[in-house]
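Structure, as structure tokens:
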Protein chains: 2
Amino acid sequence: MFDLRDLPDATTLEGFGKRFPELDVSALQVVLRLARLGEDLVRLMQDGLMRDGLSLRRFFVLVLLARNAEGLRAVGLAKKMGVTKATVSEVLAGMARDKLVLSSADPEDSRAQLVTLSEQGKALLDAVLPGHYQRLAGVVEGLDGDERAELLRLLAIVGNRLG
Amino acid sequence: MFDLRDLPDATTLEGFGKRFPELDVSALQVVLRLARLGEDLVRLMQDGLMRDGLSLRRFFVLVLLARNAEGLRAVGLAKKMGVTKATVSEVLAGMARDKLVLSSADPEDSRAQLVTLSEQGKALLDAVLPGHYQRLAGVVEGLDGDERAELLRLLAIVGNRLG
DNA sequence: CTTGTATAGTTAGGGTCCTAACCAAATTGC
DNA sequence: GCAATTTGGTTAGGACCCTAACTATACAAG
């Protein structure tokens, strides 16, 4: 996780625009600020969850399993989380050790295992989720309904370029 | 770096709002999308720079040193980058080994060293920056001037809560 | 049936970043 | 001037995530 504490200010970008005239300075401003904000948000999530004794990746595993009660394969988790199966393999090993998840043989494929939430996993998630979401929601308290809708619209446009 | 490939959809959040009525669902949507977009942007920067043989953290060191020609201390770099001095110490060691930066004694404090760009460092940065900024700018091509201004305004409001 | 390829999962090794402990120089307070 | 604290920097060890190589099962084609 990397963080842009010191975004180039308007003057710097201005000067840069002169050196490279083909450059789109206003675009840069927007993108850099977006990146910075995203990083800060991830950090906010991480810090809050850490206080609940949960790493961000473990939290995501819990959320995804709660949303897929029938169970998920490791590969499925990896795709949904945007990490490699190696990473999932590791985090699942730890979570199984801590009894947060259960795994059973997948009847449709003997190579695969179906991972599900344990009772402890469910309980932990229920304990953590409300606080987590409250912390996140607090961040956009300053925006009214119209502004939130407009922000979502603009983010969707940008997001389409990143697919 | 972690990534939310699978954001909860409107229905999921809806259901969640029923279980926890005090929850601000529209706020959640905005925040999660912002976090996701920020992550994607960081990944975009990283991938592009990697192809130029530069890690993101090395890139930031180069940019910060270019912006502070008189030199920076390791601690100053750490603050501007949002990482610890331990991390800076490590990356500077590697960059000095590769002759991208120079360090000289700080006349005002014999514990500190002033780090500056070497000629190779400058050359590398100049070679990499235009492409880097082009890639970033491409992301917001879909927004016109008014939309960019509005997006910046909204992001500033959100950012104030995270400051 | 057998050979080739794709897929589920694990393991080893490396990069990045953190905290904690440490050293040395600077600063502060008596 | 000297003890206590602060500050600049390094090192060790751990967390998280990656790629690459491996095992084992599934599947597809001849």
Side-chain angles (χ1 to χ4, degrees), chain A residues 1-5 39-40 42-47 49-62 71-98 101-116, chain B residues 1-5 39-40 42-47 49-51 53-62 71-98 101-115:
Chain A
M1 191 140 11
F2 212 170
D3 205 68
L4 294 151
R5 285 271 160 254
E39 292 284 299
D40 285 349
V42 169
R43 205 166 283 208
L44 178 73
M45 293 191 230
Q46 221 156 21
D47 291 351
L49 290 169
M50 201 80 83
R51 261 177 267 121
D52 292 326
L54 207 53
S55 70
L56 192 51
R57 67 183 188 173
R58 282 189 177 205
F59 172 74
F60 281 129
V61 170
L62 292 181
L72 284 174
R73 296 180 185 175
V75 166
L77 275 170
K79 279 190 188 127
K80 286 171 187 298
M81 291 170 67
V83 299
T84 63
K85 57 189 180 164
T87 299
V88 167
S89 180
E90 194 180 63
V91 64
L92 283 181
M95 293 178 77
R97 210 181 308 118
D98 294 349
V101 299
L102 306 169
S103 62
S104 54
D106 184 333
E108 293 174 7
D109 189 331
S110 66
R111 294 168 303 179
Q113 356 175 333
L114 279 181
V115 183
T116 52
Chain B
M1 199 126 10
F2 212 173
D3 205 67
L4 294 151
R5 284 271 159 255
E39 292 283 297
D40 286 348
V42 169
R43 205 166 283 208
L44 178 73
M45 295 192 229
Q46 221 156 22
D47 292 350
L49 290 169
M50 200 81 82
R51 261 178 267 120
L54 207 53
S55 70
L56 192 50
R57 66 183 189 173
R58 282 189 175 205
F59 172 74
F60 281 129
V61 170
L62 292 181
L72 283 174
R73 296 179 184 175
V75 166
L77 275 170
K79 280 190 187 126
K80 286 173 187 297
M81 291 168 67
V83 299
T84 63
K85 56 189 182 166
T87 299
V88 167
S89 179
E90 195 180 64
V91 65
L92 283 181
M95 292 178 78
R97 209 182 308 118
D98 294 349
V101 299
L102 306 170
S103 61
S104 53
D106 184 334
E108 292 175 6
D109 189 331
S110 66
R111 294 169 302 178
Q113 354 174 334
L114 279 180
V115 182

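Residue numbers begin at 1 in each chain, while the letters A, B, ... track the order of the sequences.
Applying the 4.0 Å criterion to OP1 and OP2 of dA26(C), one finds that Ser110(B) has a side-chain N or O inside that range. Phosphate proximity of dC18(C) to Thr87(B): present, with a side-chain N or O under 4.0 Å from OP1 or OP2. In terms of phosphate contacts, Ser55(B) brings no side-chain nitrogen or oxygen within less than 4.0 Å of OP1 or OP2 of dG15(C). At the phosphate of dC18(C), OP1 or OP2 sits under 4.0 Å from a side-chain N or O atom of Thr84(B).
When rounded to the nearest whole Å, the span between CZ of Phe59(A) and C1' of dC16(D) equals 18 Å. Atoms CG (Leu77(A)) and C1' (dA8(C)) sit 13 Å apart, rounded to a whole Å. Protein atom CD of Glu108(A) is 15 Å distant from nucleotide atom C1' of dT7(C), rounded to whole Å. Atom CG of Leu49(B) is separated from atom C1' of dG15(C) by 16 Å (rounded to the nearest Å). The distance from atom CZ of Arg97(A) to atom P of dT10(C) is 12 Å, rounded to the nearest whole Å. Distance CZ (Arg57(A)) to P (dT16(C)): 18 Å, rounded to an integer number of Å. dT16(C) atom C1' lies 11 Å from atom CE of Met81(B), rounded to whole Å. In this structure, the CE atom of Met50(B) is 11 Å from the P atom of dG15(C), given to the nearest Å.
Checking side-chain atoms of Asp52(A) against main-chain N and O of Leu54(A) turns up no donor-acceptor pair under 3.5 Å.
Legend: residues meeting salt bridge (Lys or Arg N to Asp or Glu O under 4.0 Å) with Asp98(B), ordered by chain and number and at least two apart, are Arg58(B). Legend: residues meeting side chain to side chain donor-acceptor pair (under 3.5 Å) with Ser103(A), ordered by chain and number and at least two apart, are Gln113(A). Partners of Asp47(A) according to the side chain to side chain donor-acceptor pair (under 3.5 Å) rule, which considers only residues two or more places apart in sequence or in another chain, do not exist here. The salt bridge (Lys or Arg N to Asp or Glu O under 4.0 Å) test applied to Asp106(A) returns Arg73(A), not counting sequence neighbours.
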Solution key, residues 85-95 of chain A side-chain donor-acceptor pairs under 3.5 Å, sequence neighbours excluded:
from     : atom 1 : to       : atom 2 : distance (Å)
Thr87(A) : OG1    : Thr84(A) : OG1    : 3.3
Glu90(A) : OE1    : Arg57(A) : NH2    : 3.4

Take nucleotides 8-13 of chain D nucleotide by nucleotide from the 5' end and write B, S or -, depending on whether a protein heavy atom sits under 4.0 Å from the base, only from the sugar-phosphate, or from neither. BBBB--
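For the atom pair CD (Gln46(B)) and CG (Leu44(B)), the distance works out to 10.0 Å, reported to the nearest 0.5 Å.
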